[in-house]
Amino acid sequence: MNKLYELEKESGKSKARAGFLHTDHGIIPTPVFMPVGTAGTVKAIMQRDLVELDAKIILGNTYHLYLRPNDKVINQFGGLHKFISWDGAILTDSGGYQIFSLQDMRKLTREGAAFKSHIDGSKHFFSPESVVDIQRNLGSDILMVLDECVPYPSDENYTAKSMELSLDWAKRSKERFCETSDLYGHRQFQFGIGQGGMYENQRKQYIERMIEIDFDGNAIGGLSVGEPVELMYDLTDLSTDYLPKNKPRYLMGVGTPENLLECIERGIDMFDCVLPTRNARNGQLFTSRGKINLRNSQYILSNQPIDSSLDCYASNNFSLGYLRHLFISKEILALQIATMHNLAFFLDLVRKARLHILNDTFEVWKKETIEKMRGED
RNA sequence: GGGCAGAUACCGAAGCGGUUAAACGGGGCAGACUGUAAAUCUGCUAGGGUAAUCCUUACGGAGGUUCGAAUCCUUCUCUGCCCA
């Protein structure tokens with residue numbers, strides 16, 4: 001199959017849909033959750049565990065991998081897949097989010113982003129073109145264009161200007177992508193990223209102009225940056241009204257288990273988020289009964305498994321009391337178990353969502369699942 | 001038996017006349033985390049009170065000096081080190 005996306009089924013009752021991403025590193029059923037592996041590792045667990053969890057695709061980050069070890073080094077290893085020993089698919093983010101989160105260390109111009117390394121303060125420059133080149137060296141299956149993730153709140157004028165900048169960068173990214181080719185014998189695809197801040201008209205306009213550039217897939221960026229969750233849902237809803245049906249839709253950086261279900265219902269196919277991995281390292285578990293703050297003293301004597309409803313070694317072999325002890329004692333194993341469990345939960349949730357879409361039961365199941373998760377919050 | 005040093009909140013440890021219910025660590029108790037500068041960050045941690053620039057009790061014990069003492073003096077108790 002030459003095309004990346006194959007639509008399998010639409011819900012009919014909502015905009016939820018099931019499909020496949022055809023990459024040369026596997027066929028990925030969608031909706032899909034992509035664990036974040038910024039620096040060439042999904043923190044605290046091994047690639048073997050990701051396989052066991054049936055993660056089909058993970059993220060890498062252009063900014064981080066460029067700074068360390070550098071894409072030229074990774075090129076010497078035959079690309080990121082070989083470098084990190086991962087046969088599944090990889091999507092690399094562009095560094096656009098770092099332009100946003102490391103705001104005080106960079107300067108934006110029409111040409112690109114000048115920035116200082118957060119590691120050693122050294123000066124660097126990213127252009128839309130160089131970011132494509134780096135991702136060619138990395139060899140990710142899906143590469144993201146460089147964009148400016150507009151901070152929240154931003155006024156309409158700033159957002160509009162930023163839109164022009166990001167769209168210009170998007171065009172240049174596409175051009176560079178077309179001028180270059182994959183280096184390692186597997187296909188690479190390129191996604192655009194829709195911005196527009198919190199303004200409906202700008203979101204719409206951005207998407208319309210992005211569609212013209214004709215990327216392999218379309219992302220929605222700049223959401224979940226501090227705005228009220230309902231606004232995030234509304235803008236996602238609006239976005240999927242305009243995004244083409246024959247291409248994958250990726251909501252960047254989202255979100256909580258509830259966010260995932262709400263946005264699947266609004267027609268999103270792909271998600272990534274640091275929550276399951278980061279919160280795991282910070283002692284918070286996501287379960288079918290809601291969130292658990294593991295350090296709480298109420299779990300000292302809990303003999304309950306983390307979540308026995310999951311088919312995951314970490315989730316049903318250790319008691320909450322034991323895992324709490326590991327956290328309180330700052331044992332490395334705590335991070336590993338919690339990370340594995342949280343990822344198992346997120347991946348399982350989205351897989352179930354997919355099955356329910358195929359069974360025409362998604363909407364009812366979604367409602368029940370959210371209620372259950374809220375129950376013990 | 002003699003000499004010296006010390007005793008501060010759950011623990012360690014600052015402070016050495018007023019701005020001290022007492023710095024800072026640790027521990028404890030909560031909270032946050034959404035395209036990862038995060039095994040991180042924030043708050044609380046004598047009792048009472050929703051809370052306060054409110055009340056009570058507090059820096060080994062007992063007395064004293066002073067307008068005012070964890071801080072100065074006397075004495076007692078205990079701890080460590082050194083000399084016999």
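Protein chains get the first letters and strands the later ones, always in sequence-line order, with residue 1 at the start of each.
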Visitor: So, does A:Arg324 get its side chain near the phosphate of B:C29, meaning an N or O under 4.0 Å from OP1 or OP2?
Guide: yes

Visitor: Just how far, in rounded Å, is P of B:G35 from OH of A:Tyr152?
Guide: 18 Å

Visitor: Could you verify whether a donor N or O on one side chain and an acceptor N or O on the other, from A:Trp365 and A:Thr369, lie under 3.5 Å apart?
Guide: yes

Visitor: Of the options B:G31, B:G35, B:U34, whose atoms approach the side-chain atoms of A:Asp93 most closely?
Guide: B:G35

Visitor: Tell me whether the side-chain N or O atoms of A:Asn61 pair up with the base of B:G35 as donor and acceptor below 3.5 Å, since no angle test is needed here.
Guide: no

Visitor: With rounding to whole Å, what would you report as the distance between B:C11 and B:C59 at their P atoms?
Guide: 15 Å

Visitor: Quick check: does any side chain N or O of A:Lys247 sit under 3.5 Å from a backbone N or O of A:Phe215, one acting as donor and the other as acceptor?
Guide: yes

Visitor: For A:Asp272, which contact category applies under a 4.0 Å heavy-atom criterion: base, sugar-phosphate, or nothing?
Guide: sugar-phosphate

Visitor: Do the two ring centres, one from A:Phe126 and one from A:Tyr66, sit under 6.0 Å apart?
Guide: yes

Visitor: May I ask you to evaluate whether A:Ser101 reaches the phosphate of B:A37, defined as a side-chain N or O under 4.0 Å from OP1 or OP2?
Guide: yes

Visitor: Reckon A:Thr38 has a side-chain N or O less than 4.0 Å from the OP1 or OP2 of B:U36?
Guide: yes

Visitor: Could you state the atom-to-atom distance from CG of A:Leu343 to P of B:U34 in whole Å?
Guide: 16 Å

Visitor: Just to confirm, is there a sub-4.0 Å distance from OP1 or OP2 of B:U36 to any side-chain nitrogen or oxygen of A:Gln98?
Guide: yes

Visitor: Counting side-chain heavy atoms from C-beta on, which of B:C33, B:A37, B:G27 comes nearest to A:Leu275?
Guide: B:C33

Visitor: Choosing from B:A37, B:A30, B:U36, which nucleotide comes nearest the side chain of A:Ser297?
Guide: B:A30

Visitor: For the C1' atoms, the ones on B:U65 and on B:C54, what distance do you get once it is rounded to whole angstrom?
Guide: 31 Å

Visitor: Any non-hydrogen side-chain atom of A:Thr23 less than 4.5 Å from a side-chain atom of A:Arg187?
Guide: no

Visitor: Between B:G64 and B:U53, how far apart are the C1' atoms? Round to whole Å, please.
Guide: 32 Å

